[in-house]
Trainee: 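Quick one: the structure is below, and I'll ask about it shortly.
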Amino acid sequence: MASLHHSIEPYIADSQLNSNSSTTHSSHEVKINPLEMETTPMPNHGEADHQVVGVGPPSNADNGISLTWEDLWVTVPDAKGSRRPIIQGLTGYAQPGEVLAIMGPSGCGKSTLLDALAGRLGVKTRQSGDILINGRTQTLAYGTSAYVTQDETLITTLTVKEAVYYSAQLQLPNSMTKSEKKERAETTIREMGLQDSMNTRIGGWGAKGLSGGQKRRVSICIEILTRPKLLFLDEPTSGLDSAASYYVMSRITKLVQREGRTIITSIHQPSSEVFGLFTNLCLLSSGRVVYFGRANSTNEFFASNGFPCPTLQNPSDHFLRTINKDFDEDIEQGSKGNRATEEVIEILVTSFKSSDGYQEVKRQVSEICKWGGTGSSLEKNRSHASFFTQCLVLTKRSSVNMSRDLGYYWLRLAIYVTLSLGLGTIFYDIGLGNSSIQARGAMLMYIASFLTFMAIGGFPSFVEDMKVFERERLNGHYGTTAFVIANTLSAVPYLFLISLIPGALAYYLTGLRPGFEHFVYFDSVLFTCMVLVESLMMIVASIVPNFLMGIITGAGIQGIMILGGGFFRLPNDLPKPFWKYPLHYIAFPKYAYQGMYKNEFQGLTFPSNQTGRSSVITGEYILKNEFQVEMGYSKWVDLGILLGMVVFYRVLFLAIIKVVENVKPAISKFKSVKPKQKIQVMETPTATPIHTN
Ligand SMILES: Nc1ncnc2c1ncn2[C@@H]1O[C@H](COP(=O)(O)OP(=O)(O)OP(=O)(O)O)[C@@H](O)[C@H]1O
């Protein structure tokens, strides 16, 4: 059995520890939620007489964040309907001024552990155990911590400098001047070694820009701008060469030394120089802890169990190779002797669990909880840019993105112009003959429904916007309302442009109702419908964040609305249940068709087609009898209803984002296993599937 006692430098001498302290905080349920700040009353450790003489928290603990987790389990559903554990009863800690590295073979649960600690597990996962911040059950405020995820969700059209500078303007408080924010952005870019790529566009699908490793560094830049107290990094060095990995990690660890930050990072295969930067190491295998303690004592632990690191081999390579069982058949006999990897892992896991080192980790956790609970308190909401600045910067950033992303509006403009030219040639100089009545009706319907229908073409860009928003929102860069306002304001000029040019072409080529005011009304309806359909697609993007499913859903909703609009089947002929009530009345095409028809026909006369008699029919007659338009109110009411719908859809978009934000953590909390259920799990550590009700 390996003794790890020497490997951990406790803040408190063993003899001064209260043996009960490790259980004092265990009655608190897991409650880390980055969505809101909620400080619950300080747990009563029941140890007023627990005095620690001459020792205590590290000097920077008052300002920093210590995270502790005890007996943490995470499970996911498996194909058979039971639950498979991904994280199995982990206990550990991370404290200010230290870098904790989480290592292990691919699929061992590194990202899951990070997600659990950051309160970001998906809704399908269940978690049990205690995760405490500074010894308390409390939730992290937006922006108190930052998380650099594995996938890069960046605005691909921006340059490195723009991306980081916009982010600085959004995240840094108004008390900083513009030049100070710019300075901070540029310093951070330099710190991450991106000075030569400052003016390079990030790039993405279809437009090559930065390399994968450079994108990683941009993501890190954005998250360390505010110097967060708690930083989670999911494989920050993936895609980087060994020199870049070292420089990136050493600059991040400088933050730790200089400013007493707490950093938890998962990492795949650090070089020995990078490994040397870590304070503590959490080594995992299939969700179980193989080793937790000082990184520089890992070698000793392996050697004492019969698996010494061969001379000249990178220690981290050795640790990972020793516990990687994925390729067991291919591995030749090496430092593990004749043992199967499964057996080696079992030896290490058992050895660690029974070592002094493990006891030391538990003691350390309880000590952190004790001084954390009495001393430091987590900062309230971070000071941000003001709401107005957020709206302004987000509008600017979104406008720049829209202008550079060809798929957002420019392609649509080109298609709309082509379609309008098509309409203009098919219905060219339509005249006032009897046959022009149906032709006008068909053309106006086509413009109001199919020109707006193509908003689904911008859906991939909306989804990208939503992904960036989600990442930035979780890291607390700005508020939801600011995002929705900015998204609306930035789209308006482009939508105006793509309704004006094609609208004018179609209107004047076909010779619709003369008179500028009639054109203004026609184009206003077209523009409003475009804003409306775009709002509808944003709602879809916020619920179905998947290109294909979103496009199909959006197209389906619009198709149904067009069917119930009253053109393909006249209003009185629509089946009453569903199609007439309520669909016809809540579908925007009804108001668009009827408003456009009134604008076109009211006041016009057409020759009657009855043979042998020269008579005329009025526009009013046509509206009432041919198109079954509701004549009890003016065309302006139709436009007003459409504008009201735009407001309603935008408010609905905001409400959905807010609800999703609040519902997700509530579901996770609801699914968290209560401590009493968890105890059964503790008693059978090798029992795999956990069934929780
Ligand atoms: N929501 C989930 N549903 C089902 N399985 C999941 C879920 N989340 C994670 N897993 C599984 O849990 C295991 C651990 O995943 P995780 O992403 O944490 O591994 P990792 O160590 O970060 O891997 P890598 O180094 O390859 O990124 C994997 O087998 C993964 O398939």
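Just follow the structure's listing: the first ligand is 1, and inside any ligand the first atom is 1.
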Trainee: Looking only at protein heavy atoms, identify the closest one to atom 14 (C) of ligand 1 and say how far it is in Å.
Mentor: G107 O, 3.3 Å
Trainee: State which residues pass side chain to side chain contact (heavy atoms under 4.5 Å, CB included) with R201; sequence neighbours excluded, sorted by chain then number.
Mentor: T159, R404
Trainee: If the cut-off is 4.0 Å to any non-hydrogen atom of Q150, which atoms of ligand 1 fall inside it?
Mentor: 27 (O)
Trainee: Taking the basic N atoms (NZ, or NE/NH1/NH2) and the acidic carboxylate oxygens, is any pair closer than 4.0 Å for R363 and E360?
Mentor: yes
Trainee: Report the member of P105, P77, S111, G104 with the shortest heavy-atom distance to atom 17 (O) of ligand 1.
Mentor: S111
Trainee: Taking 4.0 Å as the limit for heavy-atom contacts, which would you say applies to T112 with ligand 1: side chain only, backbone only, both, or neither?
Mentor: both
Trainee: Atom 26 (O) of ligand 1: which protein heavy atom is closest, and how many Å away?
Mentor: S106 OG, 2.5 Å
Trainee: Take F319 and F307 through the test ring pair (Phe, Tyr, Trp, His ring centres under 6.0 Å) and record every step on the way to the result.
Mentor: CA-CA 9 Å; F319 307 145; F307 310 106; over 10 Å; no
Trainee: Which ligand 1 atoms does E235 reach within 4.0 Å, using its non-hydrogen atoms?
Mentor: 24 (P), 25 (O), 27 (O)
Trainee: Enumerate the atoms of ligand 1 whose separation from the nearest heavy atom of R84 is less than 4.0 angstrom.
Mentor: 5 (N), 11 (C)
Trainee: Just going by heavy-atom distances, which of D115, V76, L114, L121 is nearest to atom 7 (C) of ligand 1?
Mentor: V76
Trainee: Got a sec, which residues hit ring pair (Phe, Tyr, Trp, His ring centres under 6.0 Å) with F483, two or more places apart in sequence or on another chain?
Mentor: F469
Trainee: Output yes when K467 and E464 qualify as a salt bridge under the 4.0 Å nitrogen-oxygen rule, no when they do not.
Mentor: yes
Trainee: Using distance alone, with no hydrogens and no angle criterion, decide if S266 and D234 have a side-chain donor and acceptor under 3.5 Å apart.
Mentor: yes
Trainee: Under 4.0 Å between a side-chain nitrogen and a carboxylate oxygen: does that hold for E152 and R471?
Mentor: no
Trainee: Which bit of K124 is near ligand 1, meaning a heavy atom under 4.0 Å away: side chain, backbone, both or neither?
Mentor: neither
Trainee: Just which atoms of ligand 1 are under 4.0 Å from any heavy atom in H268?
Mentor: 24 (P), 25 (O)
Trainee: Any heavy-atom pair between the side chains of V160 and Q214 that's under 4.5 Å?
Mentor: no
Trainee: When you measure from atom 8 (N) of ligand 1 to every protein heavy atom, which one gives the shortest distance, and what is it?
Mentor: I86 CD1, 3.9 Å
Trainee: With a 4.0 Å cut-off on heavy atoms, is G122 touching ligand 1?
Mentor: no
